[in-house]
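Since the structure comes first, as structure tokens, the remarks are kept for the end.
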Amino acid sequence: MSDPPGDNVLVTGALGQIGTDLLEALRIKHGLSSVIASDIRHSEGNKIAEDGPFVVLDVLETEEIIRVCIDHGVGTVYHLAALLSATGERDPDLCRKVNVGGTVSVLEAAKECSLKVFSPSSIAVFGPDAPKHALQDSILNPTTVYGETKVTGEALAKDYRNKYGVDVRGIRYPGLISYKAPAGGGTTDYAVEIFHSALGSGHYQCFVRPDTRLPMLYMEDAITATLTLMDAPSESLGIWKAGYNIPCLSFTAKELAEAISRRIEGFSCDYSPDVRQRYADSWPDSIDGSIAHREWDWSPNFDLDEMVDAMISGISRG
Ligand code: NAD
Ligand code: SER
């Protein structure tokens with residue numbers, strides 16, 4: 001393979017929930033001008049993205065990705081552009097187009113320009129036939145289109161590694177909880193929205209049942225996991241590098257509401273499940289991340305109480 005165009009970093013889908021936090025962390029790590037943010041949307045209003053280089057980039061445009069990588073001396077791409085589960089199930093064709101088509105475009109650019117790639121997967125790769133505590137090698141039979149696109153994304157990553165030697169790494173992110181950007185249309189969005197409602201009106205109407213238990217993680221932990229995986233020596237990573245289960249939290253919607261009630265007097269939550277309940281029910285309650293822990297030595301810092309404290313203080317600071 002040829003040398004990459006440079007050492008700089010490109011983030012696709014940078015204006016989203018993860019991109020906003022990841023961009024900030026990458027700019028601290030590599031320097032402001034070395035990290036190029038991109039999204040299909042313009043960056044107006046996103047202070048973190050506006051602080052450094054930003055380009056409008058549709059991930060379906062392979063030639064544009066290649067041009068940006070060459071023009072900006074990019075060597076690594078964090079590929080975050082996608083449609084999440086709730087938005088994706090509303091428009092399955094667009095979900096397949098962006099999630100699968102966008103990943104192919106980025107991997108084609110990586111093949112062409114010898115780029116290293118981070119391409120996230122999701123706990124949505126698992127379906128109802130997986131154990132409720134899903135192992136790294138549990139069966140992948142998702143019942144959502146979004147989940148199917150994530151299984152395909154992992155398969156594409158393996159294919160480009162085996163056929164073309166592209167270094168593609170990924171994490172099966174659990175539901176991520178953060179305050180710097182809104183959640184982007186997923187099933188786990190209730191675990192973010194609940195904080196804004198608690199601090200705003202003091203009441204939240206949750207769209208899943210109180211006993212809904214899902215794997216979750218505070219964003220700061222997700223970002224350190226991502227950077228740790230990308231820094232890990234290639235030799236230490238085994239066959240799961242396209243989509244690692246990682247160690248994370250697991251709690252019910254009711255346990256989350258109770259943890260918030262203990263901190264915000266008078267907070268109340270009621271439950272009115274909608275279609276997203278079906279997606280949540282098809283996913284595991286928790287995942288086993290021991291292979292990731294063994295291969296690249298990562299575990300989370302925030303438990304449920306620490307995450308709730310961090311969210312309340314982050315939102316309150318504004
Ligand atoms: P998000 O919806 O918040 O952000 C996605 C961004 O992609 C948006 O800013 C959107 O404008 C952009 N985008 C959409 N179509 C595009 C296109 N054609 N070209 C360029 N940009 C486009 O999503 P997120 O939560 O930041 O998720 C990022 C990645 O992590 C996705 O692959 C998602 O599946 C995965 N993931 C997220 C979570 C989570 O809880 N947030 C959990 C598991 C996996
Ligand atoms: N948090 C994501 C979603 O709910 C899971 O990939 O869609």
Side-chain angles (χ1 to χ4, degrees), residues 10-23 37-43 45-46 48-49 54-62 64-65 68 77-91 94-106 117-126 142 144-154 157 170-178 180-193 207-208 212 214-219 221-223 225-226 243-246 248 275-280 282-284 287:
L10 173 69
V11 181
T12 74
L15 300 179
Q17 188 197 3
I18 302 176
T20 301
D21 275 78
L22 183 64
L23 202 53
S38 74
D39 204 287
I40 199 166
R41 300 183 272 146
H42 287 271
S43 63
N46 187 311
I48 295 171
F54 179 87
V55 293
V56 172
L57 180 64
D58 180 347
V59 286
L60 297 177
E61 304 288 339
T62 312
E64 271 302 285
I65 301 173
V68 168
V77 179
Y78 289 79
H79 171 47
L80 304 180
L83 263 59
L84 297 196
S85 56
T87 317
E89 299 310 296
R90 278 200 301 275
D91 192 342
L94 187 64
C95 183
R96 289 192 185 96
K97 194 169 159 188
V98 175
N99 294 13
V100 178
T103 302
V104 170
S105 293
V106 168
V117 177
F118 177 77
S119 184
S121 185
S122 163
I123 50 145
V125 290
F126 297 111
T144 58
V145 170
Y146 171 72
E148 283 169 22
T149 68
K150 290 295 171 184
V151 175
T152 306
E154 289 189 18
I171 289 173
R172 290 172 179 161
Y173 285 137
L176 300 182
I177 303 173
S178 69
K180 288 182 190 158
T187 300
T188 58
D189 289 14
Y190 65 89
V192 175
E193 291 171 6
F207 58 75
V208 296
T212 306
L214 285 172
M216 297 275 183
L217 199 61
Y218 184 50
M219 185 63 85
D221 274 331
I223 300 301
T226 305
Y244 281 105
N245 283 10
I246 56 168
C248 57
V275 66
R276 290 168 281 189
Q277 183 71 56
R278 200 157 12 103
Y279 316 147
S282 75
W283 296 344
I287 55 173

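Remember, it's a predicted structure, so these values are computed and weren't measured experimentally. Just so you know, these numbers use all the heavy atoms, side chains as well, and skip hydrogens, waters and symmetry mates. Each ligand, and each atom within it, is numbered from 1 in the order the structure gives.
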Could you check if a side-chain atom of I18 sits within less than 4.5 angstrom of a side-chain atom of Y78, using non-hydrogen atoms only? no

Part of Y146 with heavy atoms under 4.0 Å of ligand 2, whether side chain, backbone, both or neither: side chain

Which bit of W283 is near ligand 2, meaning a heavy atom under 4.0 Å away: side chain, backbone, both or neither? side chain

Would you mind running through ligand 1 and noting each atom that sits below 4.0 Å from a heavy atom of R41? 8 (C), 9 (O), 11 (O)

Can you name the atoms of ligand 1, numbered from 1 with element, that are less than 4.0 Å from a heavy atom of G175? 40 (O)

Which of the numbered atoms in ligand 1 are under 4.0 angstrom from any heavy atom belonging to Y173? 30 (O), 36 (N), 42 (C), 43 (C), 44 (C)

of all protein heavy atoms, closest to atom 33 (C) of ligand 1 is L84 CD2, 3.3 Å

Measure the spacing between OG1 of T188 and CD1 of I123 and express it to the nearest 0.5 Å. 7.0 Å

Suppose I only count heavy atoms of S121 and a 4.0 Å limit; which atoms of ligand 1 are within that range? 43 (C), 44 (C)

Measure from atom 1 (N) of ligand 2 to every heavy atom in D189, T188, V192 and give the option owning the shortest one. T188

Side chains of T12 and H79: donor-acceptor distance under 3.5 Å anywhere? yes

Verify, without hydrogens or angle tests, whether T187 (side chain) and A280 (backbone) share a donor-acceptor contact under 3.5 angstrom. no

Just so I know, are the side chains of L57 and L10 near enough to count as touching, which here means a heavy-atom distance under 4.5 Å? yes

Any idea which protein heavy atom is nearest atom 34 (O) of ligand 1, and the distance to it? Y146 OH, 2.6 Å

Gap between atom NZ of K97 and atom CG of L83 - 0.5 Å precision: 11.0 Å

Within a strict 4.5 Å, meaning less than it, do heavy atoms of the I65 and S105 side chains meet? yes

Just going by heavy-atom distances, which of I18, T187, L176 is nearest to atom 4 (O) of ligand 2? T187

Short N/O distance, under 3.5 Å, between I18 and ligand 1? yes

For the OH atom of Y173 and the OG atom of S121, what is their distance to the nearest 0.5 Å? 10.5 Å

Nearest protein heavy atom with distance in Å, relative to atom 5 (C) of ligand 1: A82 O, 3.7 Å

So, for I287 and F126, which heavy atoms are closest and what is the spacing to 0.1 Å? CG2-CE1, 4.1 Å

Nearest protein heavy atom to atom 2 (O) of ligand 1, by residue and atom, and its distance? G184 O, 3.4 Å

Students should be able to answer this: which protein heavy-atom is nearest to atom 29 (C) of ligand 1, and at what distance? L80 O, 3.5 Å

My understanding is that we take every heavy atom of each candidate and find the minimum distance to atom 17 (C) of ligand 1. Doing that for V59, N99, V11, V192, which one comes out nearest? V59

Measure the CG-CD1 distance between D58 and I40 for me, rounded to the nearest 0.5 Å. 4.0 Å

Please list, in number order, the atoms of ligand 1 under 4.0 Å from a heavy atom of L15. 9 (O)

Just going by heavy-atom distances, which of L57, T149, D39 is nearest to atom 9 (O) of ligand 1? D39

Testing the basics here: between P142 and A124, what is the closest heavy-atom pair and its distance to 0.1 Å? CB-O, 3.4 Å

Flag the pair C95 / T87 as yes when at least one side-chain heavy-atom distance between them is below 4.5 Å, and no otherwise. no

for atom 41 (N) of ligand 1, nearest protein heavy atom and its distance come out as Q17 OE1, 2.9 Å

So which of L15, N46, I48, I223 actually passes side chain to side chain contact (heavy atoms under 4.5 Å, CB included) with L23? I48

Has ligand 1 got any nitrogen or oxygen that is less than 3.5 angstrom from a nitrogen or oxygen of D58? yes

Here the pair of heavy atoms bringing E89 nearest to Y146 is OE2-N, 2.9 Å

Quick one: nearest non-hydrogen protein atom to atom 15 (N) of ligand 1, plus distance? V98 CG1, 3.8 Å

Can you sort out which atoms of ligand 2 are near S122, meaning under 4.0 Å from one of its heavy atoms? 5 (C), 6 (O)

Tell me the nearest of G88, P174, G186 to atom 42 (C) of ligand 1, using heavy-atom distances. P174

Atom indices of ligand 1, in the order listed, that fall short of 4.0 Å to a heavy atom of G16: 1 (P), 3 (O), 4 (O), 9 (O), 26 (O)

Let me confirm one number: the OG1-CG distance from T20 to L80, rounded to the nearest 0.5 Å. 9.5 Å

As an exercise, identify every atom of ligand 1 less than 4.0 angstrom from a heavy atom of P120. 29 (C), 30 (O), 32 (O)

Is the shortest N/O to N/O distance between L176 and ligand 1 below 3.5 Å? yes

Closest non-hydrogen contact found for S122 with K150 is CB-CG, 4.0 Å

Which of the atoms in ligand 2, numbered in the order shown and given with their element, are less than 4.0 Å from a heavy-atom of S85? 3 (C), 4 (O), 7 (O)

A181 and S178: which non-hydrogen atoms are nearest, and at how many Å? O-OG, 4.0 Å

Identify, by atom number and element, the atoms of ligand 2 in contact range of L84, meaning under 4.0 Å from any of its heavy atoms. 7 (O)

For ligand 1, which atoms have a heavy atom of S122 less than 4.0 angstrom away? 43 (C), 44 (C)

Protein heavy atom at shortest distance from atom 32 (O) of ligand 1: K150 NZ, 2.7 Å

